[in-house]
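Reminder, nothing fancy here: chain letters follow the sequence lines and each chain counts from 1. As the structure is a prediction and not an experimental result, all values here were calculated from the model.
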2 protein chains.
Amino acid sequence: MGHLHENLREVVECGLPGALEVIGDRWSFMILRAGFNGIRHFDSFQSELGIARNILSNRLHKLVENGIFSREPCEHDKRKVEYRLTAKAIDLLPALIALRQWGEKYTSKVPSNLVLVDARDRKAIEPVRLHAHDGRPLAYSDLDWEEADKVASTDRGASGECC
Amino acid sequence: MGHLHENLREVVECGLPGALEVIGDRWSFMILRAGFNGIRHFDSFQSELGIARNILSNRLHKLVENGIFSREPCEHDKRKVEYRLTAKAIDLLPALIALRQWGEKYTSKVPSNLVLVDARDRKAIEPVRLHAHDGRPLAYSDLDWEEADKVASTDRGASGECC
DNA sequence: GGAAGCGAGTTGCATTATGCAACCGAAATA
DNA sequence: TATTTCGGTTGCATAATGCAACTCGCTTCC
């Protein structure tokens, strides 16, 4: 345990603070989830989550600024505004699911009776975990750090980089 | 987009709020990460993260209460206290990595030059994503909700349930 | 053995964020 | 024309956060 050890000078340099700045408070995360559940309008978010209206307003603006939601006034009813998830938001789904699965395992009183399934065969999805480049599941003890330029990465980009 | 749709009455019932209550503020997440980087002592957390001492104290107590860290006074130097990650904490690693990868992809100025690798072959790990029960990767559009009791789940428990 | 230092916190106070309820203005509806 | 609906603001009370200084029980060094 604790064998994972980044050079402490570099610890601050990773994507986590950035990610947390965008969706690092409880409400933003819950708003995102509501978004994944198809909620698109101010009042729906508000009544669904029970969040204060000023805070909701503030968070939605931030999320729009950060490209998590797009904000489009409705065509047919100009009072309404649609908040839609962007691709950037959809990329957050694995993180959200991982967190939710953890919560189900450890903190939920009664596990939800809704299960996320593969629409194709309607079987429950696998719990989120870490995999090697070839798909083998990895445990915590299998992991290690390496300097980026020394790694013969199969696919670069937003891949397994960092933490 | 937005085809995923839980029954709104049940939306509140899932693991996410529980998870967020435990590690749902920016600091708790950062403390957890520092823990994964081998940090174990109060002052190390403090100087590493630049968090106020009172807040750190508060968060560590909460995390210990919630079973994320264990708190053990040191044998050989009784001034020191060791905060160690528990198994429950280690189960949070996929969520943390997923979030970090997202942050690296979207928000990081300079991507970290440290990469998480499989210690066995020293190749970068795969980006975290969702998989079907048989290991096939799933896209957002492949997902759907199903009532838990209707699902012939291969392995139950903390598996793909919910969200 | 005594003085100085360290590690892990507390305490007090200023600043900031959150929550609640009431209000507003434009667009739709009756 | 009067009333609702929707998406917000505004003002004010309460709670959380951040900073610096302080405590207190060890250890270490002389």
Assert: residue with more 5' nearest nucleotide on DNA chain C, out of A:I51 and B:V81, is B:V81
Could you say whether A:K78 or B:E82 is positioned toward the 5' end of DNA chain C, judged by the nucleotide with the nearest heavy atom to each? B:E82
Under 3.5 Å side-chain donor-acceptor pair for A:S57 and A:N54: no
Side chain B:N66, main chain B:I68, donor-acceptor under 3.5 Å: no
Can you measure A:D43 atom CG to C:dA26 atom P for me and round it to whole angstrom units? 18 Å
Measure the distance from NE2 on A:H61 to C1' on C:dT18 and round it to the nearest whole Å. 18 Å
Between D:dG18, C:dG9, D:dT27, which nucleotide gets closest to the side-chain atoms of B:D77? D:dT27
Give a yes/no on whether any side-chain N or O of A:R71 is located under 4.0 angstrom from OP1 or OP2 of D:dG8. yes
Measure from the side-chain N and O atoms of A:S28 to the backbone N and O of A:G24, and report whether any donor-acceptor pair falls under 3.5 Å. no
Tell me whether the OP1 or OP2 atom of D:dC6 has a side-chain N or O from A:H41 closer than 4.0 Å. no
Looking at A:S57, does any N or O in its side chain come under 4.0 Å of the phosphate oxygens OP1/OP2 on D:dT9? yes
Can you check the B:D25 CG to D:dA16 C1' distance for me, whole Å? 10 Å
In terms of the nearest nucleotide of DNA chain D, which residue is placed more toward the 5' end: A:L60 or A:N54? A:L60
Determine whether any donor atom in the side chain of B:R79 lies under 3.5 Å from an acceptor atom in the base of D:dG25, or the reverse, and answer yes or no. no
Test log, rule salt bridge (Lys or Arg N to Asp or Glu O under 4.0 Å), inputs A:D77 and A:R79: CA-CA 6 Å; A:D77 185 343; A:R79 291 171 304 179; 2.8 Å; yes
Does the side chain of A:R59 get closer than 4.0 angstrom to OP1 or OP2 of C:dT18 through an N or O atom? yes
Answer yes or no: does a side-chain N or O of B:W27 lie under 4.0 Å from OP1 or OP2 of D:dA16? no
What is the separation between atom CG on B:L49 and atom C1' on D:dT17, rounded to the nearest whole Å? 15 Å
Just the rounded figure in Å: distance from C1' of C:dA17 to NZ of A:K62. 9 Å
Aromatic ring proximity A:Y140/B:F36, centre distance under 6.0 Å: yes
Here the distance between atom P of C:dT16 and atom CZ of B:R26, to the nearest Å, is 15 Å
B:I55 CD1 - D:dA20 P separation (whole Å): 14 Å
Sole candidate of B:K78, B:R40, B:K80, B:R84 that passes salt bridge (Lys or Arg N to Asp or Glu O under 4.0 Å) when paired with B:E72: B:R84
Look at the side chain of B:R53 and decide which nucleotide, out of D:dT10, D:dG8, C:dG9, has an atom nearest to it. C:dG9
NA contact type, B:N58, heavy-atom cut-off 4.0 Å: base, sugar-phosphate, or nothing? nothing
Is any side-chain N or O of B:Y83 closer than 4.0 Å to OP1 or OP2 of C:dG7? no
Tell me: CZ of A:F42 to C1' of C:dC24, nearest whole Å? 13 Å
